[in-house]
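Everything on this sheet refers to the single structure shown next.
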Amino acid sequence: MLLVVLITGWIWLETQPARDEAQARRDLRENVEVLRDRLGEAAADGSLTDKEIAGILPPAKPAKGLVGVTRQGEAVTVVGEVLGLGPPRTFIFVYERSVAGCYAFEVPPPQPEAARPSVRELPKQACAAGPVTRPGFDREGRQTPGSR
């Protein structure tokens, strides 16, 4: 009986990192959905400014946050790196599994019937260049004078 308990405990401990990563990936998917909804709400008034976008996609280490904005007419494509966190664990040290993904949020032009922004996952290289300078902030993330 003791052998069964030891083997079960060992298997449970060995599979814990995979369960934590799965939880982090679920959190990542939920965060992407929340960001899509927030971008849609911000664009509902007919304009989506760079400052609104930067506020919706802030950097969250190790994810870079906002990476780029492309405008074609009234349509906007926002590229950002999003973070998902697994549950915190304590065993000698406190650690937390995290995963980051690169996503493009395509916000359609304003229409009478509100269309939700679409989301597509991009390869990690698309976000490798790093974050853009956020409006009102310098490259180090400090607020610039007169931007309040």
Side-chain angles (χ1 to χ4, degrees), residues 8-9 11-148:
T8 302
I11 290 171
W12 183 81
L13 286 173
E14 285 295 315
T15 58
Q16 188 64 46
R19 289 193 304 272
D20 288 350
E21 184 165 341
Q23 176 62 37
R25 293 200 180 283
R26 278 192 297 278
D27 185 57
L28 175 65
R29 286 190 296 273
E30 290 170 6
N31 289 342
V32 167
E33 289 300 316
V34 166
L35 292 172
R36 172 171 56 179
D37 292 343
R38 289 179 62 197
L39 284 168
E41 291 168 5
D45 65 356
S47 71
L48 185 59
T49 66
D50 288 345
K51 197 163 191 165
E52 287 176 316
I53 295 169
I56 293 170
L57 273 165
K61 290 186 179 183
K64 295 174 182 82
L66 177 62
V67 174
V69 177
T70 307
R71 298 179 185 277
Q72 290 183 325
E74 292 184 1
V76 180
T77 301
V78 179
V79 175
E81 191 171 30
V82 183
L83 183 66
L85 299 174
R89 301 281 178 208
T90 304
F91 180 74
I92 301 175
F93 298 107
V94 176
Y95 69 94
E96 185 172 53
R97 176 78 60 177
S98 64
V99 292
C102 188
Y103 292 88
F105 300 88
E106 296 176 3
V107 183
Q111 302 170 0
E113 65 279 344
R116 275 180 85 188
S118 62
V119 179
R120 61 189 161 92
E121 189 168 5
L122 301 175
K124 290 210 182 268
Q125 296 82 2
C127 288
V132 296
T133 302
R134 295 170 52 206
F137 293 85
D138 64 11
R139 280 268 178 214
E140 283 76 40
R142 294 183 302 251
Q143 195 164 20
T144 55
S147 62
R148 293 177 187 213

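Source: prediction; values computed, not measured. All heavy atoms count here, side chains included; hydrogens, waters and symmetry mates do not. Residues take their numbers from the sequence shown, with the count starting at 1.
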Problem set entry | Check: E74 and L48 side chains under 4.5 Å, non-hydrogen atoms | no
For this session: Output all residues satisfying salt bridge (Lys or Arg N to Asp or Glu O under 4.0 Å) with R25, sequence neighbours left out; order by chain, then residue number.
Result: E21
For this session: Quick one: closest heavy-atom pair of L122 and A104, and the distance?
Result: CD1-CB, 3.8 Å
For this session: State whether D27 and R97 are salt-bridged, where the test is any N-O pair (Lys NZ or Arg NE/NH1/NH2 against Asp/Glu carboxylate O) under 4.0 Å.
Result: no
For this session: Provide the closest heavy-atom pair for C127 versus V67 in the form atom of the first, atom of the second, distance.
Result: SG-CG2, 3.9 Å
Exercise. For the atom pair CG (L83) and CD (E81), what is the distance rounded to the nearest 0.5 Å?
Worked result: 8.5 Å
Problem set entry | Side chain to side chain, I53 and V76, heavy atoms closer than 4.5 Å | yes
Problem set entry | Cationic N near anionic O, under 4.0 Å, R29 to E121 | no
Exercise. With the threshold set at 4.0 Å, does a side-chain nitrogen-carboxylate oxygen contact exist between R38 and E41?
Worked result: no
For this session: Taking all heavy atoms of A75 and all of P109, pick out the closest pair and write down the distance.
Result: CB-CD, 3.9 Å
For this session: Please name the pair of heavy atoms, one in V69 and one in D50, separated by the smallest distance, quoted to 0.1 Å.
Result: CG1-OD1, 4.0 Å
Exercise. Looking only at heavy atoms, what is the nearest atom pair of C102 and P123, with distance?
Worked result: CB-O, 3.8 Å
Problem set entry | Closest contact, heavy atoms only, L57 versus G80 | CD1-CA, 4.4 Å
Problem set entry | 4.5 Å side-chain heavy-atom contact, L28 and Y103 | yes
Problem set entry | Interatomic distance, Q23 atom CD to R19 atom CZ [nearest 0.5 angstrom] | 11.5 Å
